[in-house]
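Throughout, numbering of the chain's residues begins at 1 and tracks the sequence.
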Amino acid sequence: MNPDTLTWLILLLPLLSAATIVVGIGRWSNLSALVSTGTAFLSLVFSVMLATNGEAVASIAYPWIDLSPSFQVNIGFTLDKLALGMMLIVSSIGFLVHLFSLGYMRDDSGKSRYFAGLSLFLFSMSGIVLADNFVMMFIFWELVGVSSYILIGHWYEKNSAAEAGKKAFLVNRIGDFGFMTGILLVWILTGSIYFKEIAQAVGGVANAGLLNAAVLCVFAGAVGKSAQVPLHVWLPDAMEGPTPVSALIHAATMVAAGVYMLARVSFLVDASAVAGTTIAWVGAITALLAALMALQQDDIKRVLAYSTLSQLGYMVMAQGLGSAGADAGMFHLYTHAFFKALLFLGSGAVIYACHHEQDIWRMGGLRKRMPITFWTFALGTAALIAVPFTSGFWSKEAILEALLQQKMHGPYAVGIIVAFLTPFYMTRLVLVAFFGPSRTKEAEHAREVEPVMWIPLALLAVMAVFSAYRFLAAPLVAAGHADFGHFFSHFGLTATLSLVGLVGGVAGAWFLYRTAQKDPISIPLFRDKFRIDELYLFFVDKIQDGLARGLTRLDRDVIDPLIARFPAALSLAGGSVSRALQTGNVQTYAFLFGLGVVALLYFVL
């Protein structure tokens with residue numbers, strides 16, 4: 001099958017699945033689930049076939065908008081190494097999430113709607129990955145926002161879920177407005193919306209200030225989608241959606257879109273030193289703040305959510321280096337996709353077995369009751385905290401080395417600190433949830449989940465450990481791979497500090513939490529997420545809404561009476577006087593006429 005046909009099938013099959021479920025088979029929930037899962041599997045198969053064909057020599061493009069010669073937009077596909085590798089990640093994680101959902105969402109009343117949303121999400125993300133121009137990418141970028149709104153608010157009967165969906169949608173609109181502005185500025189500066197043409201033209205842009213502004217506006221889109229400070233507030237609340245949705249959003253799709261987009265336009269970051277430094281520091285601040293927030297979270301999914309924020313900060317730090325760090329950032333995206341999907345699905349298995357209990361302090365003792373879930377979760381944790389020679393170790397080291405080589409010492413130092421915090425909060429989670437005595441009846445009665453749920457966990461556990469190694473990284477078209485020779489010959493500052501952070505974090509958490517029945521540490525600032533949500537609420541309620549209320553009163557009490565009502569009242573009064581004079585009596589008109597003549601003579605003579 002030729003690359004053109006394969007690409008169209010990968011893109012359109014999920015859309016066809018969503019349309020079929022919504023229009024035709026939605027009343028049969030089991031059939032809807034099978035159709036959606038089947039198309040996800042076919043997308044994976046076709047992605048593998050496309051990747052094994054080798055990198056395409058040219059993009060595939062079809063005319064869409066033609067305003068020749070000033071403006072043309074094509075539906076265009078890029079099939080380079082970056083797109084092929086990302087497509088494999090999206091389709092593989094997407095299929096495993098579908099498979100896990102067959103068990104997790106078995107009895108859900110809105111199962112058909114849920115699987116239609118998954119298919120629409122897969123279609124939207126595939127469009128972002130395959131797009132060869134900014135306009136096509138932006139269209140699918142917005143579709144990802146719509147489908148995430150649908151999935152996060154799946155249980156819309158619950159007010160918190162409905163609010164979380166709206167929050168994700170609205171916060172992302174802020175970033176997307178910046179993204180749209182950046183696209184327009186790039187078009188003005190380079191005369192093109194196509195990535196290849198922009199890469200060739202950006203070196204000739206003379207207006208450095210406007211170019212910096214354009215790149216930062218484009219980055220605003222990534223700040224929203226990849227939940228970087230200050231637009232990170234939507235991501236933890238997205239946990240209100242079903243747990244498989246959390247795995248899909250946090251592992252390889254929505255939040256990865258921003259990192260992927262930055263890698264796709266790394267040539268813009270190369271051309272703007274100011275923007276590159278800003279991007280790296282935003283990533284560093286996000287990584288640190290999110291890791292500190294994770295230290296005091298008790299909801300198992302929220303710990304993982306803030307962990308995702310922190311790891312995205314690592315990836316964005318790397319993208320701030322431009323082409324010098326793009327491969328390292330994408331390498332970490334690849335490995336993170338597998339171990340974070342594993343951790344979220346593992347948390348879903350725990351929540352499912354504990355009758356939808358999510359507080360880790362109401363669990364305990366699950367290691368023996370759920371052995372498969374425990375060991376797979378432990379392997380995912382090992383990869384996340386960068387235990388030597390797991391996949392996360394290799395990709396995290398690649399980012400830190402790139403930062404050090406480019407002399408980004410500030411973000412590098414932050415990365416080392418986060419390398420201590422990550423083992424600490426993840427060891428805390430594992431010890432509290434899986435070790436010690438059962439703290440509730442739900443935890444005491446928990447049992448291992450069924451095969452349709454633990455088989456994806458087992459597959460992801462293998463990938464979490466080994467996805468960085470060449471025998472898996474090469475088929476995945478990954479942007480990097482494990483290199484023992486380079487590691488041992490360059491074992492230096494980064495490796496030493498990382499290992500010290502790993503040992504210190506695990507040991508500190510073991511000392512504090514191995515027998516704890518309640519949290520021995522209480523830091524309200526971290527637990528309250530630095531009160532950033534409250535700051536936004538204050539701004540919206542007191543400043544924005546207060547200003548709106550003030551303007552409303554000004555309109556009601558001043559502008560409306562003076563500008564609208566007074567002229568109308570004056571006109572009405574004049575009309576009333578004039579109407580009183582129109583009596584229809586000839587004698588009255590003669591009298592008034594005579595009075596007018598006398599008055600005229602008086603004023604003239």
Side-chain angles (χ1 to χ4, degrees), residues 89 92-93 96 247 250-252 287 291 294 303-304 307-308 310-312 314-315 318 327-347 372-402 415-416 418-431 434 456-476 478-488 490-491 494-507 509-510:
I89 296 297
S92 60
I93 300 297
L96 291 175
H250 285 250
V303 175
L304 298 177
S307 170
T308 298
S310 187
Q311 297 304 306
L312 286 168
Y314 268 116
M315 299 175 209
D327 282 351
M330 287 303 297
F331 185 28
H332 196 51
L333 186 153
Y334 292 151
T335 60
H336 178 266
F338 293 109
F339 60 70
K340 188 51 63 71
L342 168 60
L343 290 170
F344 266 108
L345 293 183
S347 71
I372 298 176
T373 299
F374 166 71
W375 285 110
T376 54
F377 197 95
L379 290 173
T381 300
L384 173 58
I385 67 178
V387 170
F389 313 126
T390 59
S391 63
F393 168 79
W394 296 107
S395 55
K396 188 205 66 168
E397 292 296 297
I399 290 176
L400 292 176
E401 281 293 333
I416 294 297
V418 175
F420 162 77
L421 295 174
T422 306
F424 185 91
Y425 66 69
M426 285 306 299
T427 303
R428 167 185 179 266
L429 187 158
V430 172
L431 288 174
F434 289 95
L457 300 181
L459 294 173
L460 286 168
V462 173
M463 298 302 293
V465 177
F466 297 111
S467 61
Y469 290 88
R470 189 184 292 273
F471 68 91
L472 286 176
L476 283 172
H481 60 82
D483 189 344
F484 284 95
H486 179 271
F487 174 73
F488 287 114
H490 294 80
F491 190 93
T494 300
T496 302
L497 292 175
S498 294
L499 291 175
V500 169
L502 172 66
V503 174
V506 172
W510 177 266

- Between P388 and L499 the two heavy atoms that sit nearest each other are CG-CD2, 3.4 Å
- Query: Where do A247 and A341 come nearest, in terms of heavy atoms and distance?
  - Reply: CB-O, 4.2 Å
- Item | More than 12 heavy atoms from other groups under 6.0 Å of OH on Y469 | yes
- Message: T376 vs L342, test: side-chain contact (heavy atoms from CB on, under 4.5 Å). Steps then yes/no.
- Response: CA-CA 8 Å; T376 54; L342 168 60; 3.9 Å; yes
- Beyond-backbone contact of V462 with F338, side-chain heavy atoms, under 4.5 angstrom: no
- Task: Indicate yes or no: at least one non-hydrogen side-chain atom of L472 is less than 4.5 angstrom from one of Y334.
- Result: no
- Over all atoms of both residues, closest heavy-atom pair of A383 and S391: CB-OG, 4.0 Å
- Note on the structure: CE of M463 to CD1 of I93, rounded to nearest 0.5 Å, is 8.0 Å
- Message: Any non-hydrogen side-chain atom of T373 less than 4.5 Å from a side-chain atom of L457?
- Response: yes
- Query: If you measure from OG on S395 to CE on M315, what distance do you get to the nearest 0.5 Å?
  - Reply: 8.0 Å
- Message: Once rounded to the nearest 0.5 Å, what's the spacing between atom CG of L304 and atom CG of L429?
- Response: 6.0 Å
- By side-chain contact (heavy atoms from CB on, under 4.5 Å), which residues pair with L384, not counting sequence neighbours? S307, Q311, F339, K340, L343, T422, M426
- Task: Identify the heavy atoms of A294 and R428 that sit nearest to each other, and give their distance.
- Result: O-NH1, 4.1 Å
- Query: Distance from L400 atom CG to L497 atom CG, nearest 0.5 Å?
  - Reply: 9.0 Å
- A419 and Y314 have their tightest heavy-atom pair at N-OH, 3.4 Å
- Message: Which residues pass the ring-ring contact (aromatic ring centres under 6.0 Å, His included) test with F420, not counting sequence neighbours?
- Response: none
- Message: Are the side chains of T308 and F344 in contact, using a 4.5 Å heavy-atom criterion?
- Response: yes
- Item | Stepwise ring-ring contact (aromatic ring centres under 6.0 Å, His included) test for F484 and W394 | CA-CA 10 Å; F484 284 95; W394 296 107; 5.1 Å; yes
- V387 versus T390, closest heavy-atom pair with distance: O-OG1, 2.7 Å
- Message: Donor-acceptor check, side chain of T335 to backbone of H332, threshold 3.5 angstrom: yes or no?
- Response: yes
- Could you tell me whether the side chain of T381 reaches within less than 4.5 Å of the side chain of F377, counting heavy atoms only? yes
- Can you tell me how far the CD1 atom of I89 sits from the CG atom of L333, to the nearest 0.5 Å? 7.5 Å
